[in-house]
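Here's the structure, in structure tokens; my notes come after.
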Number of protein chains: 4
Amino acid sequence: MAPLSEEQLIQKREIRREQIIEAAFKVFAHRGLNRAKMTMIAEEAGLSAGQLYRFFESKEELFSTLIHRAMKESINGIESIYELPGTPYEKLKMFTQSVFEDESSRYPFMLIQQAHTADEMPHEVKQIIKQFSMKNYFEILLPLFKEGQKMKEFVEGDLEELISSYLIMFSALATFNMPVDEHFELPKAEIFLRVITGPKA
Amino acid sequence: MAPLSEEQLIQKREIRREQIIEAAFKVFAHRGLNRAKMTMIAEEAGLSAGQLYRFFESKEELFSTLIHRAMKESINGIESIYELPGTPYEKLKMFTQSVFEDESSRYPFMLIQQAHTADEMPHEVKQIIKQFSMKNYFEILLPLFKEGQKMKEFVEGDLEELISSYLIMFSALATFNMPVDEHFELPKAEIFLRVITGPKA
Amino acid sequence: MAPLSEEQLIQKREIRREQIIEAAFKVFAHRGLNRAKMTMIAEEAGLSAGQLYRFFESKEELFSTLIHRAMKESINGIESIYELPGTPYEKLKMFTQSVFEDESSRYPFMLIQQAHTADEMPHEVKQIIKQFSMKNYFEILLPLFKEGQKMKEFVEGDLEELISSYLIMFSALATFNMPVDEHFELPKAEIFLRVITGPKA
Amino acid sequence: MAPLSEEQLIQKREIRREQIIEAAFKVFAHRGLNRAKMTMIAEEAGLSAGQLYRFFESKEELFSTLIHRAMKESINGIESIYELPGTPYEKLKMFTQSVFEDESSRYPFMLIQQAHTADEMPHEVKQIIKQFSMKNYFEILLPLFKEGQKMKEFVEGDLEELISSYLIMFSALATFNMPVDEHFELPKAEIFLRVITGPKA
DNA sequence: AATGAATGAGTATTCATTCAT
DNA sequence: GATGAATGAATACTCATTCAT
């Protein structure tokens, strides 16, 4: 008989799987589908490459799984902005700051960016990515920005353009693959958000 | 064939070389060292892959050459800001705008960014890249930003942080590998520059 | 300029391709999709494994191509029976004999058999094979066997069963992967064909 | 647990071993040494792959064991023909028929056939297989066929050739790995045996 | 000079086998 | 004794690079 109960085994396996996903997130986020090697992911997860295949059928399936998760997480992350306390500006600042300060919270955005850029994507991923796009984020932020404008916290003017600008800049910064260099640090959220608050902030 | 003078031959060769460099710039900028294939560069330059080796010893040497050039060009590009007419803000805006609007002017920045993340870089390149970093840009922009602050065009406060913030955000945007999507467009320079002009602009 | 005219190149390439196909036919026929190694095929064709990929996208595509060809050739081979001289029995004997005597003429049948047996077939091959089956051969031989019975050359009785029996036995023998052993030789066609001619032959 | 006597333990182990052999017989017969996976055999036998190694040192040893057994069984099977009732023809028919009708009785022949074509066979097995060949069957059948000819049940002529033809055709049919297709069925023994009975049957 | 052909080193993947639990 | 986990060797495939023509 197996020394561990079935439940224990399943749980252990689930933990393993999560370790792999986390490791893969990091490696894929930084290197993309191509330059990420299965051995790198395995090493990062603390096991051998062969083991990865007990959890995922292929590198592509692993990547695909991560993309799905990245989309969910990025959406959830942005949606969670409404649960933060304070005014729209305070919410946006806190959200932005938290992403800028914690690399792992940027992985989902980095991964999606990698998927957009690469050409040799699994067909499935191509499909998902296509439908996805930045529109989703846009919709989510719309109410927040409206409120922000109404409260005069945000600069007046074309609302769509404002959100788009924020999103592009946020994306560019969140996915910026910085060299490990003391001089490279994401800007403070307050500074970045002048884009939104404009002359009044 | 009509015999060409030696000079003509050299010139012809030089033109060829430039074609290759231009093609390689584009391909490397978009795909990075790894994902760029020699055949892609050759095709873009309108010749066979074998020919590339008459001009460059290896893919790495080619990349290396481009990096050197990219550094020069990016420096020159930023330095040229002082030749632009108008106030510091107007200069900065014009410069920023021109880069945001013309993809090929972003290649040098993209390439340097690619070099940061690539792995099997010739040791030499690694060194250069390391020393280079963003500091150079910083030095160049220092006088402009000082003047901008003095004239109250730029926001007050920590000058270093301001320049760094501008540079990071500029870099992130200039090297952002955008999906071909109607909703993805770099922001207008005016909007982006609110970061610099702050509450007063 | 290339030293060979384009036409010459194309022709040369075509010859190469045929060499590969021939080599692959042999190796796949004997070993099946799995046990056939690309290096074996390459060696048999007199080139390196890498070269195979300039002609075929993958092992599977190569196999697929061969299956298509095998089906055509096996059909054509059987249809050609009507062009042989003599009575139905003489035709059938000559055909059977020629297949039994020349290994390479059995490759198409062996290949199709391999495709039937294997499980890990490219999806496309599965489809083709499914529709194919032995029915095709059956239809082709029907007139010959009818005539053979009418002429009293062939044994009387259930015509369908007679053809099926011939086909199964023919297939089994044609695809029999014999050890290289002096004692293993396909039977003489006359002997085998007693199945068809029965008590009267 | 109730303590089992040593004898009981040995017996239990023996049963296990037989289960494995039976399972391996089936899997190897259909898929051959290479395409048969240890996990498949384990699953068919209802245990884990690791367990197989408590009974057999390696896949090759397992295969080797089966080959030995297959040889014995095939010999025994053919020898048993003399215990069947009736004339030589009746004996041969009954034997042939029983093999054609019961797949598992064909496993030994299939396995030997697989061994012929497999490559990385333990050297030992290669030797055995080589010496074995079809000659053994030949010797066994010799008296039967002699008697058959004497009784005019079998066709006249070269006795060796007649036996060889029977054996090759029998082997080819017995080892024919048929697709699961309604149109594929081994022929009736009577039809097949016309090869032996010839014009007189 | 210029091209297509050829090679070999590197990576994804599978699976027999070993081993910790 | 028995299982799931772990490893490493083998093989398909890609692509920088070299070279014959």
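To find a chain, count down the sequence lines: A is the first, B the second, and so on, and within it residues start at 1.
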Tell me the interatomic distance from [X], atom [atom1], to [N], atom [atom2], rounded to whole angstroms.
X	N	atom1	atom2	value
Leu52(B)	dA1(E)	CG	C1'	14 Å
Leu9(A)	dT21(E)	CG	C1'	10 Å
Glu43(B)	dA16(F)	CD	P	13 Å
Ile15(C)	dA5(E)	CD1	C1'	15 Å
Glu14(A)	dA5(F)	CD	P	12 Å
Met40(D)	dC15(E)	CE	C1'	11 Å
Leu47(A)	dA20(E)	CG	P	17 Å
Gln11(A)	dA5(F)	CD	C1'	17 Å

With sugar-phosphate taken as primed atoms, P, OP1 and OP2 and all else as base, the protein-contact string of nucleotides 10-15 of chain F at under 4.0 Å (heavy atoms; B, S, -) is -SSBBS
(message) Below 30° counts as parallel, above 60° as perpendicular, anything between as tilted: where do the rings of Phe28(C) and Phe63(C) land?
(response) perpendicular
Worksheet item: What is the ring orientation for Tyr107(B) with Phe25(B), classed by angle as parallel under 30°, tilted 30 to 60°, or perpendicular over 60°?
Response: parallel
| side-chain N/O Arg16(D) vs dA2(F) OP1/OP2, d < 4.0 Å | yes
Q.
Does dG4(F) have its OP1 or OP2 closer than 4.0 Å to a side-chain nitrogen or oxygen of Arg54(A)?
A. no
Salt bridge or not between Arg13(D) and Glu7(D)? Use side-chain N to carboxylate O under 4.0 Å. no
Next on the checklist: Check Glu18(D) with Arg69(D), please: is the shortest side-chain N to carboxylate O separation under 4.0 Å?
Outcome noted: yes
Query - Under 3.5 Å: donor-acceptor pair, side chain of Arg31(D), backbone of Lys26(D) - result: no
Quick one about His116(D) and Asn177(C) (side-chain donor to acceptor, distance below 3.5 Å, no hydrogens or angles considered), yes or no? no
In terms of side-chain heavy atoms, does His68(B) have a donor or acceptor partner in Glu73(B) at a distance below 3.5 Å? no
By nearest-nucleotide position on DNA chain E, the 5'-leaning member of Arg13(B) and Phe56(A) is Arg13(B)
- Query: Looking for any heavy atom pair under 4.0 Å, which part of the strands does Arg35(A) touch: base, sugar-phosphate only, or nothing?
  - Reply: nothing
As its Watson-Crick or G-U partner within any shown strand, both distances under 3.5 Å, dC15(E) has dG8(F)
Pairing partner of dA20(E), by Watson-Crick or G-U wobble and under 3.5 Å for both distances, is dT3(F)
